[in-house]
Engineer: 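Before I ask anything, let me first share the structure, which is written out below as structure tokens.
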Amino acid sequence: MTVRTRYAPSPTGALHIGNVRSGLFAYLFARHNGGAFILRIDDTDRERSTRESLDEILESLTWLGVDWDEGPPDARYFQSNRFDRYREAALQLLREGKAYPCYCTAAELDAMRKQAERERRKPGYDGRCRDRTPPAELAKIDLPDKRAGRDYTIRFRSPREGITVVDDLIKGRAVFENAELDDLIIFRSDGVPTYNFATVLDDADFKMTHIVRGDDHLPNTPRQMQIFYALGFEPPAYAHLPMVMGPDGQKLSKRHGATSVFAYRDLGYFPEALLNYLVRLGWSHGDQEIFSRAEMIEYFDFANCGKSAGIFNAEKLLWLNFHYMKSLPLARLVRDIKPFVARRGGTIPGDDAWLEKMIATLRERAKTLVELVDFASFYLNDEIAIEPKAAAKFLKPEIAPALAALAGEIASIDSADFAEASIQAGFARVLDRFAMKLGQLAQPVRVALTGGTVSPGIYEVIAVLGRDRTVRRLRAAESACTVAAS
RNA sequence: GGUCCCAUCGUCUAGUGGUUAGGACACCGGCCUCUCACGUCGGGAACGCGGGUUCGACUCCCGCUGGGAUCACCA
């Protein structure tokens, strides 16, 4: 039997990284087994579902490179297009006496819950409408339709005796008393099926073999299995992944700051880094930390998934991003950095080959693309601002002659020969003439060229900056020294 | 509160009855050095508690404690 897994996000908000990790694991399991990965859109809640969220989900997965074999844009993979099927199945259950209409109003239900809570009983539905409709009438019951005056809900008649066993691929065996499962609503009074019902029917119709999802769904599982049975299907295998928590130990949510895939993309993270981070949160392969997509697929299995929740560690993600910053091909970085430069309204004073050289000097100093562009501003902009503190410390009158001399040396280098070696030779002559150590000259030059005291190696900076801009900045710094003196 | 899940350094984890309990992030220190980084070398840091089982438990069982999830006409 070929493995078929699915990822079924609902388009009611951004694609959350805790959530997308479940999708990733489902994806890896399918790919590892040469099976199919299906993307399904759970949009039964038409009030909250938006086109923007759908686009964000699709774009996020594409950016991450998590590709699906079946799913959008194929209309069949949207729950909102399957209402006829849900109605048919619900009617079937009604006819067979496996479901029944419930006439309790939302307000009544709410009151019942509060009452149960006061009396410290379990807050579930007590089943008061379970036998209200005689079996003979059940087959004649129609689905809810408010406009036709049928504003009741349809509940699933859950078995009250026995047990339901979930043999989870990750958590092991969990046994539930059926008496604990109340009769859940499968059709709302507005004629819309609920999640637990639609999901089961989809998983059955699309022949899912393995349900991979967060363990917050574990309590739902016995109910869903019972619906599978009632519908005449065999439940799939389950793999419940532990949750991803925020630093405070609570389920990761928006209030923990950046949590969406888009947020990390816009912060200058690489999809490789995000994927690598996510795959190691709850899964391991010995001591290995760095995984290519091919390796993830090759090694992934549930046996090496942990059972306990993990706390999202932004610093480790940052380190991974840094790792990819240092090791991705320069051509790729050139491509990736452009939108970030554009976003700052900057222009690029060179071609891709020049950009590569620039990035090469910066990549081991920047952990994200945003940082990279920040550091690159002295390369990218014609005008630089000199930090006052740096100027006060390094651009003193005494250094002016040496700066002038260096400007002359640099200016005299033939453009065909303009590289680190010739630049270093120019430095050596100035150092010799003024009897200075490199350290005494490098810092003032650094301030003159970059505006600050921190930068890549000074020869590299000059090589990338180019002769003319270097000379111009050197001369400007020289006069700044003189002005400060007078 | 009921039900279910979970428990190794601060964090992510390796470990599957006998190990000086390993790695990674973060942190601290040395080296390298034109600054900052990178790199490199080294350091501190963990088996929640109590009972069993066993010649021997981080590993198996039970209890406790702690943490989490879930109990919607949301998904």
Side-chain angles (χ1 to χ4, degrees), chain A residues 8-13 19 42-45 47-49 79 102 104-106 109-110 113 116-117 119-125 144 151-155 166 168 170-172 174-177 180-182 184-196 198-199 214-222 240 242-243 245 247 249-251 277 280-290 304 306-320 322 326 362-366 375 390 394 427 437-447 450 452-459:
Chain A
S10 72
T12 52
N19 192 265
D42 276 15
D43 58 350
T44 49
D45 188 342
E47 302 264 303
R48 298 198 303 149
S49 296
Q79 288 190 328
C102 172
C104 301
T105 64
L109 257 16
D110 200 46
R113 250 193 305 279
E117 210 162 309
E119 294 170 17
R120 285 200 293 211
R121 289 181 289 110
K122 47 185 171 184
Y125 176 65
D151 60 347
Y152 44 82
T153 62
I154 304 294
R155 283 186 187 269
V166 181
D168 194 86
I170 291 172
K171 300 280 187 174
V175 179
F176 296 83
E177 291 286 339
E180 294 292 334
L181 315 175
D182 59 357
L184 80 192
I185 291 174
I186 58 175
F187 252 81
R188 313 195 313 200
S189 54
D190 59 2
V192 173
T194 58
Y195 165 77
N196 278 298
T199 286
D215 70 9
D216 48 341
H217 285 279
L218 195 46
N220 270 334
T221 306
H240 284 97
M243 304 263 78
M245 309 297 208
Q250 308 279 303
K251 189 172 166 181
Y277 177 73
R280 276 289 287 107
L281 219 198
W283 174 80
S284 62
H285 183 255
D287 285 339
Q288 189 171 342
E289 294 288 349
I290 306 297
N304 289 305
K307 294 179 173 184
S308 49
I311 292 175
F312 181 79
N313 186 329
E315 286 181 327
K316 186 156 183 183
L317 169 58
L318 195 57
W319 171 77
L320 276 162
F322 188 36
K326 287 181 291 184
L362 256 21
R363 71 196 313 195
E364 50 193 40
R365 292 174 170 80
F375 275 123
F394 294 107
F427 260 78
K437 297 281 219 181
L438 177 58
Q440 295 174 280
L441 183 58
Q443 276 307 79
V445 171
R446 174 166 285 116
V447 173
T450 72
T453 55
V454 172
S455 87
I458 200 67
Y459 308 137

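Every chain is numbered from 1 and lettered A, B, ... according to where its sequence line falls, protein lines coming before strand lines.
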Engineer: Below 30° counts as parallel, above 60° as perpendicular, anything between as tilted: where do the rings of A:H217 and A:Y195 land?
Structural biologist: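 Rings of A:H217 and A:Y195: tilted, 30 to 60°.
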
Engineer: Counting heavy atoms not belonging to A:E117, are there more than 12 under 6.0 Å from its CD?
Structural biologist: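 No, because the 6.0 Å sphere around CD of A:E117 holds 12 heavy atoms or fewer from other groups.
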
Engineer: Base, backbone or nothing for each nucleotide of nucleotides 18-34 of chain B, written B, S, -, heavy atoms under 4.0 angstrom, 5' to 3'?
Structural biologist: ----BBBSS-------B

Engineer: Using a 4.0 Å cut-off on protein heavy atoms (strictly under), produce a 5'-to-3' string for nucleotides 59-72 of chain B with B for base contact, S for backbone-only sugar-phosphate contact, and - for none.
Structural biologist: ---------SSSBS

Engineer: Report the residue (A:D43 or A:F312) whose heavy-atom-nearest nucleotide on RNA chain B is the more 5′ of the two.
Structural biologist: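 Checking each residue's closest nucleotide, the 5'-ward one belongs to A:F312.
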
Engineer: So what does A:G282 touch, heavy atoms closer than 4.0 Å: a base, only the sugar-phosphate, or nothing?
Structural biologist: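 Sugar-phosphate only.
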
Engineer: Find out whether the Lys NZ or Arg CZ of A:R155 is both under 6.0 angstrom from the six-membered ring centre of A:Y125 and within 45° of the ring's axis.
Structural biologist: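 Yes.
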
Engineer: Compare the minimum distances between each of B:C73, B:A37, B:C74 and the side chain of A:R48, then state the nucleotide with the smallest one.
Structural biologist: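 Nucleotide nearest to A:R48's side chain: B:C74.
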
Engineer: Counting the atoms with a prime plus P, OP1 and OP2 as sugar-phosphate, which does A:V192 contact under 4.0 Å by heavy atoms, base, sugar-phosphate, or nothing?
Structural biologist: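 It contacts nothing in the nucleic acid.
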
Engineer: What nucleotide among B:U11, B:U35, B:A75 has an atom nearest to a side-chain atom of A:S10?
Structural biologist: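 From the listed options, B:A75 comes nearest.
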
Engineer: Does the A:K171 side chain pair with the main chain of A:K307, one donor and one acceptor, at a distance under 3.5 Å?
Structural biologist: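 Confirmed, A:K171 side chain pairs with A:K307 backbone.
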
Engineer: Identify the nucleotide, in any strand shown, that forms a Watson-Crick or G-U wobble pair with B:C47, with both distances under 3.5 Å; if there is none, say none.
Structural biologist: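 Matched B:C47 with nothing under the 3.5 Å cut-off.
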
Engineer: Return the minimal non-hydrogen interatomic distance between A:P144 and A:T153, and the atom names on each side.
Structural biologist: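 Taking A:P144 first and A:T153 second, the nearest heavy atoms are CG-CA, 4.4 Å.
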
Engineer: If we call it a pair only when both distances are under 3.5 Å in a Watson-Crick or G-U wobble match, what pairs with B:G66?
Structural biologist: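 WC or wobble partner is B:C6.
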
Engineer: Classify the side chain of A:T194 versus the base of B:C73 as yes if they form a donor-acceptor pair under 3.5 Å and no if they do not.
Structural biologist: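 No, the side chain and the base share no sub-3.5 Å donor-acceptor pair.
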
Engineer: Just call it for A:T12: base, sugar-phosphate, or nothing, with non-hydrogen atoms closer than 4.0 Å on any strand.
Structural biologist: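 No contact.
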
Engineer: Can you tell me the base-pairing partner of B:C55? Count Watson-Crick or G-U wobble geometry only, both distances below 3.5 Å, and say none if there is no partner.
Structural biologist: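 The base-pairing partner of B:C55, which may sit in any strand shown, is B:G18.
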
Engineer: Please measure how far the C1' atom in B:A45 lies from the corresponding atom in B:C12, and state the result in whole Å.
Structural biologist: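 Per the computed distance, 15 Å lies between those C1' atoms.
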
Engineer: What contact category does A:K326 fall into here, base, sugar-phosphate, or nothing, at under 4.0 angstrom with non-hydrogen atoms?
Structural biologist: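 Sugar-phosphate contact only - A:K326 comes under 4.0 Å of backbone atoms but never of a base.
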
Engineer: Of the nucleotides B:C73, B:U13, B:C5, which one has an atom closest to the side chain of A:S284?
Structural biologist: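 The listed nucleotide nearest to A:S284's side chain is B:U13.
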
Engineer: Is a side-chain donor or acceptor of A:Y277 paired with a backbone partner of A:N313 at a separation under 3.5 angstrom?
Structural biologist: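 Confirmed, A:Y277 side chain pairs with A:N313 backbone.
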
Engineer: With distance as the sole test, does A:N304 use its side chain to make a donor-acceptor pair with the main-chain N or O of A:W283 at under 3.5 Å?
Structural biologist: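 Absent.
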
Engineer: Checking the side chain of A:R446 only, and the main-chain atoms of A:P456 only, is there a donor and an acceptor separated by less than 3.5 Å?
Structural biologist: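 Judged by distance alone, yes, a pair lies under 3.5 Å.
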
Engineer: Using purine N1 to pyrimidine N3 plus N6-O4 or O6-N4 for Watson-Crick, or N1-O2 and O6-N3 for G-U wobble, each under 3.5 Å, what pairs with B:C36?
Structural biologist: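 Pairing partner: none.
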
Engineer: Which comes earlier along RNA chain B counting from the 5' end, the contact point of A:D42 or that of A:F322, where each point is its nearest nucleotide?
Structural biologist: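 Going by which nucleotide is closer to the 5' end, it is A:F322.
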
Engineer: Does a nitrogen or oxygen in the side chain of A:T221 sit under 4.0 Å from OP1 or OP2 of B:C4?
Structural biologist: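 For A:T221, the contact criterion (side-chain N or O under 4.0 Å from OP1 or OP2 of B:C4) is not met.
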
Engineer: Considering Watson-Crick and G-U wobble pairs with both distances under 3.5 Å, what does B:C71 pair with?
Structural biologist: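 Pair assignment: B:C71 / B:G1.
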
Engineer: Please measure how far the P atom in B:U70 lies from the corresponding atom in B:C60, and state the result in whole Å.
Structural biologist: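 It works out to 28 Å between them.
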
Engineer: Kindly give the heavy-atom pair with the smallest separation between A:G310 and A:L281, and that separation in Å.
Structural biologist: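 The pair with the smallest heavy-atom distance is CA-CD2, 3.7 Å.
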
Engineer: Return yes if some donor-acceptor pair links the side-chain N/O of A:T194 with the main-chain N/O of A:I185 below 3.5 Å, else return no.
Structural biologist: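 Judged by distance alone, yes, a pair lies under 3.5 Å.
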
Engineer: Give me the distance, rounded to whole Å, that separates B:G1 from B:U19 when you measure between the C1' atoms they each carry.
Structural biologist: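 Their C1' atoms lie roughly 45 Å apart.
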
Engineer: Between the main-chain N or O of A:H240 and the side-chain N or O of A:D168, is there a donor-acceptor pair closer than 3.5 Å?
Structural biologist: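 Such a contact is found between A:D168 side chain and A:H240 backbone.
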
Engineer: Under 4.0 angstrom, heavy atoms only, what part of the nucleic acid is A:A106 near: base, sugar-phosphate, or nothing?
Structural biologist: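 Since a base atom lies under 4.0 Å of A:A106, the category is base.
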
Engineer: Using a 4.0 Å heavy-atom cut-off across all strands, classify A:F187 as base, sugar-phosphate, or nothing.
Structural biologist: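 No contact.
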
Engineer: Taking atom P in both B:A14 and B:C9, what distance in whole Å separates the two?
Structural biologist: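 Between the two P atoms, the distance is 12 Å.
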
